[in-house]
There are 2 protein chains.
Amino acid sequence: MKDLVSRCPIEEVMQVISGRWPSLLIYYLKQGTKRFSDLRRDNPTISHKMLTLELRKLEDAGIVERSEFEGYPLRVEYDLTPAGLKLVPLLDALGSWWDATAAGRSQGSTLPVEVTK
Amino acid sequence: MKDLVSRCPIEEVMQVISGRWPSLLIYYLKQGTKRFSDLRRDNPTISHKMLTLELRKLEDAGIVERSEFEGYPLRVEYDLTPAGLKLVPLLDALGSWWDATAAGRSQGSTLPVEVTK
DNA sequence: TCGTGGTTACAAAAAGGTGCGTAATTTACT
DNA sequence: AGTAAATTACGCACCTTTTTGTAACCACGA
């Protein structure tokens, strides 16, 4: 994995929230504190490996906070940080944008736009 | 290549704007009309193949419009659609969010914040 | 021959899945 | 009482799948 640190903040956010899982995990975490096994139940198709990797990434990005409690069975809780909470409406805005532009996209095939000079 | 069409709009947008290139391409396209070769110059590290694939994806998503002009050396122009233009401020907001939360992130492991004697 | 905007086939790289091991304690069974 | 199994949140090794890069090819006309 290349830690290509770009000068562009948008590129950097994208490195974190890109992919299938981040938005889903944020979605479930905004419902409140979740444990590892909760998140696996919320999203049955993620593997435990992926879940740990993604959570670690979100943690490093300051979106998610991980709290480990002593004792056995080991208990770990995940929450959105204040920064993570502020991210939520931005993702929602993307979702709304997608819905709002659905009309232009709904009918699959390309319309014959022949722009001739 | 599973076209796992989800019920969640955020998941769907993410399938389109995720990855290294979409945000960059949108960034350059918001500067105005670009040709294929312009975009390759703007972003020298994208491969020929990736550029065509990503442009196609953005086109299918209704973010980018492709205009083909007949003639000599074939000329093709790319522009943001109105929907694509509306997406720009949302991406910018993500960038601002990233910058605003920069403080909470560890900036560089080289910083010896707490030295234990 | 070069440059344009593509496509295709093959190879390399990255991402992701599977299953095993780990901890200390409780419960379940013999 | 002794043993076994389950529990939680992972790490690690191995293997498969997906993505991306590389290079070659195509068409056309200057």
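Numbers restart at 1 for each chain; the letters A, B, ... are given by sequence-line order, proteins then strands.
Of all the heavy atoms in A/Ala83 and A/Gly62, the pair that sits closest is CB-O, 3.7 Å.
Under the 3.5 Å distance criterion, the side-chain polar atoms of B/Lys57 are matched with a main-chain donor or acceptor of B/Val16. A donor-acceptor pair under 3.5 Å is absent between the side-chain atoms of A/Ser18 and the main chain of B/Ser18, judged by distance alone.
Between the C1' atom of C/dA14 and the CZ atom of B/Arg20 lies a distance of 13 Å, rounded to the nearest Å. The CZ-P distance, from B/Arg75 to D/dG29, rounds to 16 Å in whole Å. The CG atom of A/Leu55 sits 11 Å away from the P atom of D/dG11 (whole-angstrom rounding). To the nearest angstrom, C1' of D/dT8 lies 14 Å from CZ of A/Phe69. Summarising the geometry, the separation between CG on B/Leu53 and P on D/dT20 is reported as 8 Å, rounded to the nearest angstrom.
Candidate nucleotides C/dA24, C/dG5, D/dA9 were compared by shortest atom distance to the side chain of A/Leu74, and D/dA9 ranks first.
Applying a 4.0 Å cut-off to non-hydrogen atoms, the residues of residues 25-50 of chain B that approach DNA chain D are B/Ser47, B/Lys49, B/Met50, listed by residue number.
Judged by closest nucleotide on DNA chain C, B/Pro73 is the one of B/Pro73 and A/Tyr72 placed further toward the 5' end.
One distance of note links CD of A/Gln15 with OG of B/Ser23; it measures 9.0 Å at 0.5 Å rounding.
A search for ring pair (Phe, Tyr, Trp, His ring centres under 6.0 Å) contacts involving A/His48 returns nothing, not counting sequence neighbours.
For residues 43-53 of chain B, there are no salt bridge (Lys or Arg N to Asp or Glu O under 4.0 Å) pairs, not counting sequence neighbours.
Residue A/Arg56 places at least one side-chain N or O closer than 4.0 Å to OP1 or OP2 of D/dG11.
Residue B/Tyr78 is in sugar-phosphate contact alone, with no base atom involved, counting any heavy-atom pair closer than 4.0 Å across all strands shown.
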